[in-house]
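Everything below concerns the one structure shown next.
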Number of protein chains: 2
Amino acid sequence: MKSTIPDTGVPITPPAANGGDRQEASLHGEILLRLRDYVVEGNIPEGARVPERQLCEMLGISRTPLREALKVLAAEGLIELLPNRGARVRQLSQRDLEELFDVMAGLESLAGRLACEAITDAEITAIEQLHYEMYGHYLHRDMHGYFQTNQRIHESIVAAARNETLKTAYTNFAGRIRRVRYSANFARKRQRWAEAMREHEAILDALRRRAASELSDILFQHLRNKRTAAIEHLTEPQEDTPASP
Amino acid sequence: MKSTIPDTGVPITPPAANGGDRQEASLHGEILLRLRDYVVEGNIPEGARVPERQLCEMLGISRTPLREALKVLAAEGLIELLPNRGARVRQLSQRDLEELFDVMAGLESLAGRLACEAITDAEITAIEQLHYEMYGHYLHRDMHGYFQTNQRIHESIVAAARNETLKTAYTNFAGRIRRVRYSANFARKRQRWAEAMREHEAILDALRRRAASELSDILFQHLRNKRTAAIEHLTEPQEDTPASP
DNA sequence: GGAGATTATTTTGCATTCATTTTTTGTCCT
DNA sequence: AGGACAAAAAATGAATGCAAAATAATCTCC
């Protein structure tokens, strides 16, 4: 076995599509986008080496632009560069995750605060729409749909903050925990799920009233609870499954 | 005039010292640290080109590690890379500054919240110490001393949050606005200064009581006010100087 | 047969080189 | 003289080359 990256059969460069509509002038930029996705999507196992040579062949480029992209990814915290030992996909410790969740909580909390200053009635209506949609998913026990809509709500709040810098940072941090974010949910934890729904009600309520500090608090607490659920899920994945009799 | 970087007489590489005690194994890492400082310190005027060739000579290296460092700095938001037209020191619009200040406010607000959970009595005592020191500077109208101590207080709060991820992000954003942060102060604005002192009293009070949400609010507002002062200062630098009669 | 040392291979880091693109300089024409 | 065009110079972006380090493979000796 010479390859450390499992061949998923999905090449980084899809022969047909170019990975979306976005276009990047420079090669290193293009590589950066693709490689970031590739890592965020979890195509390389945690802690595994990121072999330059192999990636160069996969991408059909030389090492120079690849290495530039790797440096940036390292700066973003997705991978880590060990001196003379190449790049590894960053392995997040439990503490790292806690920290990341808290920062996300802080950013969303901020987003909520700022959103109260600038959000339009139309935007609130749109979020209400998403909220009811999400409630539907909740009633139907549609985890996937729920999560999708839930994420759109949070993104809408961030968008309503009218702060590109914040949005960028938010997206950045979200990318780092994306892998666990999806796995670390309250899959079979009905109680937490119901709680989250109530929290979302409160979020919507505070948003309607443009109660900045209040919304800030609620959002922080909401994310904090998410964090707790996620960490618990990671440490004991078979939460609600009773032990063998 | 062939050089776009004004020769300040201070080389990036001081012949004697190596710029501090820190040591970096890789060259690109070393370059990154030095170049980041070099840009943050304001050695290159805003919007000016960052000539690779010249910097390579200054640093005595080839373009490869330099370009890697430039990509990272671009990712950090300190410079921007124009396709085929090289790197420029990022010029911050007023909107950019507003956004940055708000994000900083959010991060400090978060730091305060988290600090309430983890801060020790000793740490609070230390901050109190700094507070009184700062008050002394205030009474003596010692702007420089005030700012220095003020910054140490804010850093102490961030440190008390026990979140390295947050701290890194905070440092990062602080670097971006460092240039204006120092110039954009309430130089001759006694009123704002007094207000800031009162806010700091409130911060300390909330911290003593470990009132998380409250502290979060106060810190956000405090930074918000700073932002307003800074923007005002930039748009009309001769604030308190009465217009010609 | 296996643990440790030694050599070979691979990989990394940086310098150098090459092809384009941009910018500057020079010239010509109105 | 001034502007437009063209050629030269310089700078950028990416590929290649080379030395050092790390990893893998082989060999030696017990």
Side-chain angles (χ1 to χ4, degrees), chain A residues 1-7 12-13 18 22-36 39 44-45 47-75 78-90, chain B residues 1-7 12-13 18 22-36 39 44-45 47-75 78-90:
Chain A
M1 159 128 144
K2 64 177 178 182
S3 166
T4 49
I5 298 184
D7 192 347
I12 298 185
T13 314
N18 70 341
R22 70 193 174 190
Q23 48 189 3
E24 184 68 25
S26 57
L27 185 50
H28 71 259
E30 169 74 27
I31 296 300
L32 176 60
L33 291 176
R34 281 204 239 160
L35 203 55
R36 186 190 289 125
V39 173
I44 308 177
R49 288 183 59 160
V50 182
E52 293 182 5
R53 195 137 181 53
Q54 193 178 337
L55 282 175
C56 285
E57 287 169 13
M58 278 170 135
L59 295 158
I61 54 160
S62 84
R63 284 174 51 216
T64 308
L66 179 80
R67 299 185 94 255
E68 290 172 347
L70 287 178
K71 298 286 181 302
V72 173
L73 291 184
L78 262 86
I79 64 175
E80 53 189 352
L81 263 34
L82 294 94
N84 289 323
R85 292 161 95 245
R88 293 184 130 74
V89 175
R90 187 160 168 203
Chain B
M1 158 135 142
K2 66 176 177 183
S3 164
T4 49
I5 298 184
D7 191 347
I12 298 185
T13 313
N18 71 341
R22 69 192 175 193
Q23 48 188 2
E24 183 68 26
S26 56
L27 186 51
H28 70 261
E30 170 74 28
I31 296 301
L32 176 60
L33 291 175
R34 281 204 238 160
L35 204 55
R36 187 190 288 125
V39 173
I44 307 177
R49 287 183 60 156
V50 182
E52 292 183 6
R53 193 140 181 53
Q54 192 178 339
L55 283 174
C56 285
E57 287 169 15
M58 278 170 135
L59 294 158
I61 54 161
S62 85
R63 284 174 54 215
T64 309
L66 179 81
R67 298 186 94 252
E68 290 172 347
L70 288 178
K71 298 288 183 299
V72 174
L73 291 184
L78 259 81
I79 64 175
E80 53 190 352
L81 263 33
L82 295 94
N84 288 324
R85 296 167 91 241
R88 292 184 132 73
V89 175
R90 186 159 167 205

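A note on names: the letters A, B, ... follow the listed sequences, proteins ahead of strands, and every chain is numbered from 1. Keep in mind that what you see is a predicted model, and the values were worked out from it rather than measured.
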A:His28 side chain near D:dG13 phosphate (N/O to OP1/OP2, under 4.0 Å): no
Between B:Arg88 (CZ) and D:dA11 (P), how many Å, whole number? 14 Å
To the closest 0.5 Å, what do you measure between CZ (A:Arg63) and CD1 (A:Ile61)? 11.0 Å
Is A:Lys71 close to B:Lys71 at the side-chain level, that is, under 4.5 Å between some pair of heavy atoms? no
Please state whether the phosphate of C:dT23, meaning OP1 or OP2, lies under 4.0 angstrom from any side-chain nitrogen or oxygen of B:Arg85. yes
So what does A:Leu81 touch, heavy atoms closer than 4.0 Å: a base, only the sugar-phosphate, or nothing? nothing
Students often get this wrong, so: under 4.0 angstrom with heavy atoms, is A:Arg53 touching a base, only sugar-phosphate, or nothing? sugar-phosphate
Do you know which two heavy atoms are closest between B:Arg36 and B:Leu73, and how far apart they sit? CB-CD2, 3.8 Å
Measuring to OP1 and OP2 of D:dA14, would you say a side-chain N or O of A:Thr64 lies under 4.0 angstrom away? no
Rounded off to whole Å, could you give me the CG-to-C1' distance for the A:Leu66 and C:dT12 pair? 12 Å
Find the distance B:Asn84:CG to C:dT20:P and express it as a whole number of Å. 12 Å
Report yes if a side-chain nitrogen or oxygen of A:Arg49 is closer than 4.0 Å to either non-bridging phosphate oxygen (OP1 or OP2) of C:dT12; otherwise report no. yes
Assert: residue with more 5' nearest nucleotide on DNA chain D, out of A:Pro83 and A:Glu68, is A:Glu68
Sugar-phosphate, base or nothing in reach of B:Ile31, heavy atoms under 4.0 Å: nothing
So A:Leu35 and A:Leu70, side-chain contact (heavy atoms from CB on, under 4.5 Å) or not? Walk me through it. CA-CA 8 Å; A:Leu35 203 55; A:Leu70 287 178; 3.7 Å; yes
Send over the distance from A:Arg67 CZ to C:dC14 P, rounded to a whole Å. 7 Å
Rounding to an integer number of Å, can you tell me how far A:Lys71 NZ sits from D:dG13 C1'? 16 Å
